[in-house]
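Note that the structure is predicted; figures quoted are calculated from it, not measured.
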Amino acid sequence: MVSKQEEVVASELLPFLRVHTDGTVERLYNPLLAPLSTAETKSGVWSKDIIISPEVSARLYLPDLSTLDQTTNKKLPILVYFHGGGFCIESAFSTLCHQYINTIASQANALVVSVDYRLAPEHPLPAAYDDSWNALQWVASHSSKTHNEKNEPWIIQHGDFKRLYIGGDSAGANISHHIALRASEEKLHGGVKILGAFLSHPYFLGSKPVGAEPVANREMSLLYKTWMFVYPGCQDGIDNPCINPFVKTAPSLASLGCRRLIICVASKDELRDRGVYYYEAVKESGWEGELSIFEVEGEGHSFHIFNPETQNAKDMFTRLAEFLRGC
C-alpha cells in the first residue's frame with residue numbers, strides 16, 4: 001500500500017528538500033539567519049542588506065576605515081562573492097556565510113558584495129548563473145561617473161574597480177568559473193575587468209572518474225543527485241559543460257576572463273581531485289594569467305565555513321585575504 005506521504009511527494013533531495021506533487025517545496029534544512037553587524041563587533045566590519053533587482057539581493061560588508069593605513073590608497077578591493085549550497089540551500093544572510101565573509105572582509109580590508117541568488121528547485125539552473133552575472137553587472141555599473149539615487153554609496157565611495165574580484169565556495173566556485181568565462185565574451189559595464197577569482201572546493205562533476213574518485217555507482221552519490229535535482233533535464237547530465245568544464249563542448253579554459261586565479265582544495269574532500277585536475281587543466285590550456293593552488297591537509301569540504309575557529313580554517317582565511325590584497 002502506498003503511504004500518504006509517498007502519494008504527495010514528487011521528488012526529494014534528502015536531507016535537504018522535498019517537492020510535493022502539487023509543486024510546493026518542503027525545505028528540511030533552513031539556515032539560521034544572521035543579524036547585520038557594526039564596526040563595534042569583533043571583526044570591525046559594517047554590513048547592510050540591499051536589493052539589486054526583484055530577483056537578487058545581497059549583503060554588503062565594509063571594514064572599519066579608521067583602522068586602515070591612511071597613507072595608502074583609501075579605495076578598497078571589491079569582492080563579489082557567491083555562496084555554496086549545491087544551488088538549492090544556504091543564503092548570503094545565513095550565520096555561516098555571514099561570519100565567514102565578515103572574516104574575509106576584515107582580514108583582506110575588502111568591500112564585499114555577498115550575492116543572494118535564487119535557489120532551485122523553485123528556480124532551477126541557469127537562474128543562479130544569470131542572477132550572479134546580473135549582480136556583477138550591477139556592481140560594475142557603479143564605475144560610471146554618472147550616478148543616480150539607486151546607486152550604492154559604499155561601492156561608489158570605497159570600491160576600487162581596478163581590483164575587482166569574484167569568488168565562491170563549492171557551488172559558488174562553480175558560479176565563479178562560469179562568470180569568469182562569460183566575462184571573456186560579454187563586457188561588464190564601464191569596461192570594468194575582473195582582476196582575480198578564487199574557486200574554493202569547486203563543485204564540478206563528470207561521468208568519467210578523476211584521480212581517486214569512485215568508478216561504480218556514481219549516479220547514487222549526493223553530488224550527482226543534487227546536480228540532476230537543480231538542473232532537471234539538462235543536456236548530457238553530469239557531462240553538461242556547466243558541471244563538467246573538461247568535456248569537448250565546454251569553453252576553453254584559456255578564455256577565463258580574469259588575470260589572477262587561485263584554486264583551493266582540501267585533502268579529504270571528495271571533490272579534491274577534480275579541483276586539482278581543474279588547476280592542471282587551466283595551466284595546460286594556455287591561459288596567460290597568474291595561477292596558484294592552495295591545499296589544506298586533513299580537512300573536508302568547506303571545512304573553513306563549518307569550523308572557522310580551527311587553525312586550518314584560519315590559515316585558509318589568511319591565504320584568501322592575501323590573494324585579495326594582491327599578495
Side-chain angles (χ1 to χ4, degrees), residues 82 84 86-88 117 120 124-133 136 166-188 193-194 196-265 269-293 295 301:
F82 312 108
F87 302 101
C88 61
Y117 50 83
L125 290 175
Y129 295 134
D130 293 336
D131 290 352
S132 298
W133 175 258
L136 180 63
I166 60 173
D169 295 83
S170 194
N174 176 297
I175 291 173
S176 297
H177 160 76
H178 288 287
I179 292 295
L181 287 175
R182 187 166 177 175
S184 69
E185 298 292 332
E186 299 181 39
K187 290 184 178 180
L188 289 173
K193 303 290 186 182
I194 299 172
F198 74 79
L199 275 59
S200 174
H201 309 166
Y203 178 29
F204 296 133
L205 294 174
S207 59
K208 296 180 180 179
V210 169
E213 291 179 352
V215 176
N217 300 320
R218 297 176 65 77
E219 69 280 359
M220 300 302 294
S221 73
L222 182 59
L223 291 171
Y224 178 97
K225 292 178 180 179
T226 298
W227 178 252
M228 301 309 295
F229 187 83
V230 301
Y231 205 167
C234 73
Q235 186 175 358
D236 298 324
I238 58 170
D239 284 326
N240 184 284
C242 289
I243 191 68
N244 187 350
F246 314 121
V247 292
K248 292 182 179 180
T249 54
S252 170
L253 294 173
S255 65
L256 287 167
C258 58
R259 301 203 305 272
R260 304 181 67 226
L261 178 65
I262 185 171
I263 314 301
C264 300
V265 297
D269 181 9
E270 59 185 313
L271 293 172
R272 182 264 178 196
D273 289 352
R274 200 161 287 266
V276 173
Y277 190 81
Y278 180 89
Y279 164 78
E280 297 292 346
V282 172
K283 185 166 62 174
E284 296 172 4
S285 71
W287 182 70
E288 297 179 347
E290 172 193 320
L291 177 66
S292 59
I293 189 168
E295 180 166 9
H301 190 69

Identify the heavy atoms of [X] and [Y] that sit nearest to each other, and give their distance.
{"X": "G167", "Y": "S176", "answer": "C-OG, 3.1 Å"}
{"X": "A183", "Y": "G257", "answer": "CB-O, 4.2 Å"}
{"X": "T226", "Y": "G86", "answer": "CG2-O, 3.6 Å"}
{"X": "L271", "Y": "H201", "answer": "CD1-O, 4.1 Å"}
{"X": "W133", "Y": "K187", "answer": "CZ2-O, 4.4 Å"}
{"X": "G286", "Y": "A254", "answer": "C-CB, 4.2 Å"}

Taking the side chain as everything from C-beta on, heavy atoms only, tell me whether [X] gets closer than 4.5 Å to [Y].
{"X": "D236", "Y": "N244", "answer": "no"}
{"X": "Y117", "Y": "S132", "answer": "yes"}
{"X": "S255", "Y": "L181", "answer": "yes"}
{"X": "R260", "Y": "F198", "answer": "no"}
{"X": "I262", "Y": "I293", "answer": "no"}
{"X": "E290", "Y": "L261", "answer": "no"}
{"X": "H177", "Y": "L256", "answer": "yes"}
{"X": "K193", "Y": "L188", "answer": "no"}

Centroid separation F204 to Y278 less than 6.0 Å: yes

Pair F229 and Y224, ring centroids less than 6.0 Å apart: no

Trace of the salt bridge (charged side-chain N to carboxylate O under 4.0 Å, His left out) decision for R182 with E185: CA-CA 5 Å; R182 187 166 177 175; E185 298 292 332; over 6 Å; no

Side chain [X], main chain [Y], donor-acceptor under 3.5 Å:
{"X": "D273", "Y": "A212", "result": "yes"}
{"X": "N174", "Y": "P202", "result": "no"}
{"X": "H178", "Y": "C242", "result": "yes"}
{"X": "N240", "Y": "C234", "result": "no"}
{"X": "S170", "Y": "G172", "result": "no"}

Chi angles and distances behind the side-chain contact (heavy atoms from CB on, under 4.5 Å) call for L291, K283: CA-CA 7 Å; L291 177 66; K283 185 166 62 174; 3.7 Å; yes

When rounded to the nearest 0.5 angstrom, what distance separates [atom1] in [X] from [atom2] in [Y]?
{"X": "L199", "Y": "I263", "atom1": "CG", "atom2": "CD1", "answer": "4.5 Å"}
{"X": "L223", "Y": "L205", "atom1": "CG", "atom2": "CG", "answer": "5.5 Å"}
{"X": "L136", "Y": "I175", "atom1": "CG", "atom2": "CD1", "answer": "12.0 Å"}
{"X": "D169", "Y": "S200", "atom1": "CG", "atom2": "OG", "answer": "4.0 Å"}

side-chain contact (heavy atoms from CB on, under 4.5 Å) assessment of K225 paired with M228: CA-CA 5 Å; K225 292 178 180 179; M228 301 309 295; 6.0 Å; no

Ring pair (Phe, Tyr, Trp, His ring centres under 6.0 Å) evaluation trace for F82 with Y129: CA-CA 10 Å; F82 312 108; Y129 295 134; 9.9 Å; no

Residue of the set R218, R272, K208 for which side chain to side chain donor-acceptor pair (under 3.5 Å) holds with E213: R218

With E288 via salt bridge (Lys or Arg N to Asp or Glu O under 4.0 Å) - residues at least two apart: none

Ring geometry between W227 and Y203 (parallel below 30°, tilted from 30 to 60°, perpendicular above 60°): perpendicular

Crowding at OH, Y277 (>12 non-hydrogen neighbours, <6.0 Å): no

